[in-house]
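Written below as C-alpha cells is the structure these notes are about.
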2 protein chains.
Amino acid sequence: MLTERKRHILRAIIDDYVLNAEPVGSKYLVDKYKLGVSSATVRNEMSELEELGYLEKPHTSAGRVPSDKGYRAYIDLLLDLKPVSQTDQDKIESFFSDHMNEVTTLVRQSANVLSEQTDFPSLVISPRYSDTSLEQIKLLMIEPGKALVVVVLSPGIVKDRMIRIPHEIKQEDLHLISKIIEQKLSGQKLDQITLITISAAAEDVPVPEALLNQVLFEAYVSIKQAENIELYIQGTHRLFNHPEFQELSLAKSFLDTMHEEGIVAGYMSEWESMNVDLELTETNDVEEIEQLNKTRQEQPYMKENPSYMVRIGQEITLKGLEECSFITAAYKITNKITGRIGVIGPKRMEYGKIISQINFINYTLDQQIMELASGYDRKEDINGEKKEEQA
Amino acid sequence: MLTERKRHILRAIIDDYVLNAEPVGSKYLVDKYKLGVSSATVRNEMSELEELGYLEKPHTSAGRVPSDKGYRAYIDLLLDLKPVSQTDQDKIESFFSDHMNEVTTLVRQSANVLSEQTDFPSLVISPRYSDTSLEQIKLLMIEPGKALVVVVLSPGIVKDRMIRIPHEIKQEDLHLISKIIEQKLSGQKLDQITLITISAAAEDVPVPEALLNQVLFEAYVSIKQAENIELYIQGTHRLFNHPEFQELSLAKSFLDTMHEEGIVAGYMSEWESMNVDLELTETNDVEEIEQLNKTRQEQPYMKENPSYMVRIGQEITLKGLEECSFITAAYKITNKITGRIGVIGPKRMEYGKIISQINFINYTLDQQIMELASGYDRKEDINGEKKEEQA
DNA sequence: TTTTAGCACTCTTCAGCTTAGAGTGCCAAA
DNA sequence: TTTGGCACTCTAAGCTGAAGAGTGCTAAAA
C-alpha cells in the first residue's frame, strides 16, 4: 500500500511544504532531495499518492500539497521528533520562575512559553474539578458586609472570591460558620455539594436563619464556581506571522471562534476523557502502528509523556478551524486530575519540532506542579536565586 | 479663520468619511448634504481647508479625507454626542450582574461591555495603588508549607497570592505574624512599606528568625505585587471588522504593540496625572474653546463625567498605533484613586457615538463601584434577581 | 468680491489580453 | 518498472485602454 519509496516521497513533500508554504513539484523534489530516480517516476508515485488521498493539487499545473490524510500519515508514521535544543530547554525552564506558587499561574505561564516557543497561539484548560473533593473552605471577614471565601481543593488548588454578606454578621459568626461547614463538607466531592447539603451542614449555627442563608448561598456559589473549567488563550496575534493567515477571512473566522470561550473550552474538555490512541483511527494498518510505537519509544520525553494528541483540519469539529491543526497534551495535577495544554495553527506546521516543544513544556509543567504539591521547601536565599537540578 | 461654512463642510466630510470609509468629493457632498452652494464653491472651500491642514488627499483625483488636525477640530468643536439609546443603556446595565463583588471584576466587565458596544478593542488599567494605604494583611494556612496572603487596601480592594513557607511554621505562628504585622503596618502607604519596615514590625514575634524572614519576605512580595498596575485588553479580534485593518501590516503592528503589556500600561498610566484640558492643545482660538465648553455642558453624562480624553493618530506616541485613535475615560475607585478605561480603533471612528458609550459605561462603572464600596446589603431574594433603580 | 459653469487634466481601477513559467499526464522507448 | 520527451493546463505578472471620479483653473455671472 504505502511502499517505502512512497513514504519517503510523502515525507519529503510534507517537510518541504511545511518549510516553504509552496506546492512542491516532481522535478524540484528530485533535485533537492536526491531521490535517485527521475522526475517522471516521482510523478507517477505522486499521482498514486494523490489517488490514495495523501496529496492534493491546488490546480492542475501546481505541485502537490499534503491533504489532511497526508498530514495524518505523517504524524502517525513518519514523524521525526526533534530533540529540544539545550538553549530551548534552558529558556523554557527559566520561564518558570520562583515565585509561582499557584497551579493556575504555572499553567498559564506554560501557555505563554508554549506560544512564544512555537510562534502560534496556545491555550490551556483547567481540569474538570467536579469530582475533586473539597478540602477547606474559609470565610474571611474583610469589612462589615464583605468577606472573602477561600476554597481549597484536595490537590492544593486554591480559589477565592469576594462575597457580600449581611452587615449583621460579625467576624466571630463568620468564623463559626466557616469552621462548621468546613468540618462537615471537607472530603466531599464538589459535584455532590449542593445548597441543601450546605444548609444542612450549618443547621445548628446560632445565627438568624435569614442572615445565615445569605452567607451559605454565597459560599455555595463560590464552591460551584471553583468547578468551572477555565480557558486561557495566549498569543493569538502570532497567527499573523504565518502566511496562511494573510487571508483575512481565515484569520477572522479563526479569531471569532477562539473568542467563543465556552465552545472552545467545551470542545477541549471533551477530549479529556478520550483515549490517547484515538489519533490512530485513520490508520488501521498493523505494521504501521507497530512502526509508530517503535518511533515513539525512541523519542525523549515521550516515555514520560505519551499523551499528546493531534487534530488536523477536518478532524477539528469547531467551525472556523477547518484549516488548522490542534496539538495538545494532557498535564497532570494528580494522576486523575488532568487539564490540557496546546497550540493551534495552520495545518502546515513543523509537527516534529512543535510536538517536542509541547512535550517538553508539558513535562516541565508536570515537574513544577509536582514540586509545588510536594510542598518543597525554599532554599535559604531570600532573593529568589534558587536553582534545582531535575532528575 | 474657520468660517461657519467651513465648519459645516468639515463636519459633513468627516461624518461621511467615518460612515463610508471613502474619500469624499465636492459634488457628492453638495448632493448629499444639500449645502445650497455649487460644487465649485465647495471645491474652493475644501482646498482652503486642505491648506489649513484639516483635510488631505490620498491622491490628486480622489476626494478628501480628514487629517489628524481635522479630527482634532471635529472632536473639539464639532462633536455632537449622541445620547445612549435606552436599549443600549439597558444592555450595558444588565452586563453588571449581581455576583460581581470585586472591583477588578467590575472593571474588566466594563471593558468587555465597552468592546462589545463599540466593536473595537477595549482596555483598562488598574489604578496606581502606590500611595494607597494597606488596611489588612492576613496569612492563611492552606497546608503545611503553603499559605495564602490576603492584602486588603483601603478602598476595599483585595489582592491575594499563594506563598510557600517553611514547614516548621504552624498555623498559630502564622496567625501571630499576620496579626502583628497587620497591627503595625495597617494605615501605611504601600510605597512606604519595605522589607525593612516589615522585618522591624515583626521583630518580637517568637519564631526563629530564619523561618520568620522567609515568611516576611513573601508577605513583602505580595504587598509589592498589589502595587502593580494591571492591564486588561479585550476584544482585539474586533479590529478585523473594520476595513482599515484589512491591510495586514497595520493589523499586525497594532496587535504586536498591544501585546507589549508593559509599554501600553506605562503609556496609559502616564495620562492619569494629566490635565483633562489637554486635548485642547491644538486649538488656541478662544472662541472655539468657548463653543466647546458650551457644547459639553449640554451633553448627558458629561456633567458626571467630563473626563474623557481622545488621542488621535500622531498624538499617540506608541509606535504601531499612528493610524489609530484612542478614547479613554477615568473611572474612580475613590476621588483620588482612578484608573482608566478606553477603546482603541482606527481614526475613522464614530466619535460622537463612542464617546457617549464610554461615558455611559464609565458612569455606570463608577456607580457600581460606589455601591460596592458602600457595602450595600443584598436584597432577600437568593436567586440573584435584585434590581435597583439608579438616581 | 463671491459664486458658478465648464472644461481640461490627473489619477485610479478594472477588465481583457498576452506571455513566461511551472508542473502535470501520458506515451513510447529503454 | 523506469525514463525522456512533449503537449497541455493553469497561474502569475505585466501591459493596455477605457471608464470614472475628482480636482484646479478660468472666465463669466451674481
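Each chain gets a letter, A, B and so on, in the order the sequences are listed, and its residues count up from 1.
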Between atom [atom1] in [X] and atom [atom2] in [N], what is the gap in whole Å?
| X | N | atom1 | atom2 | value |
| --- | --- | --- | --- | --- |
| B:Glu48 | C:dT3 | CD | C1' | 13 Å |
| B:His59 | D:dA21 | NE2 | P | 13 Å |
| B:Glu45 | C:dT2 | CD | P | 10 Å |

* Let me see the working for A:Ile14 and A:Tyr351 under side chain to side chain contact (heavy atoms under 4.5 Å, CB included), right down to the final yes or no. => CA-CA 10 Å; A:Ile14 296 185; A:Tyr351 292 96; 5.7 Å; no

* Polar contact flag, side-chain donor to acceptor under 3.5 angstrom, B:Asp16-B:Tyr28 -> yes

* Asked: What string of B, S and - do you get for nucleotides 22-30 of chain D, 5' to 3', when a contact is any protein heavy atom under 4.0 Å?
  -> SBB------

* Phosphate oxygens OP1/OP2 of C:dT4: is one of them under 4.0 Å from a side-chain N or O of B:Thr41? -> yes

* Could you tell me how the ring of A:Phe245 sits relative to the ring of A:Phe254: parallel (under 30°), tilted (30 to 60°) or perpendicular (over 60°)? => perpendicular

* Minimum side-chain heavy-atom gap A:Leu19-A:Asp15 below 4.5 Å -> no

* **Flag if over 12 foreign heavy atoms under 6.0 Å of NZ, A:Lys6** => yes

All N/O pairs under 3.5 Å across the protein-nucleotides 28-30 of chain C interface:
none

* **Near-ring test A:Tyr33/A:His8, centroid separation under 6.0 angstrom** => no

* **Contacts of type side chain to side chain contact (heavy atoms under 4.5 Å, CB included), residue A:Glu116, not counting sequence neighbours** => A:Phe95, A:Arg238

* NZ/NE/NH1/NH2 to OD/OE distance under 4.0 Å, A:Glu315 and A:Arg72 -> yes

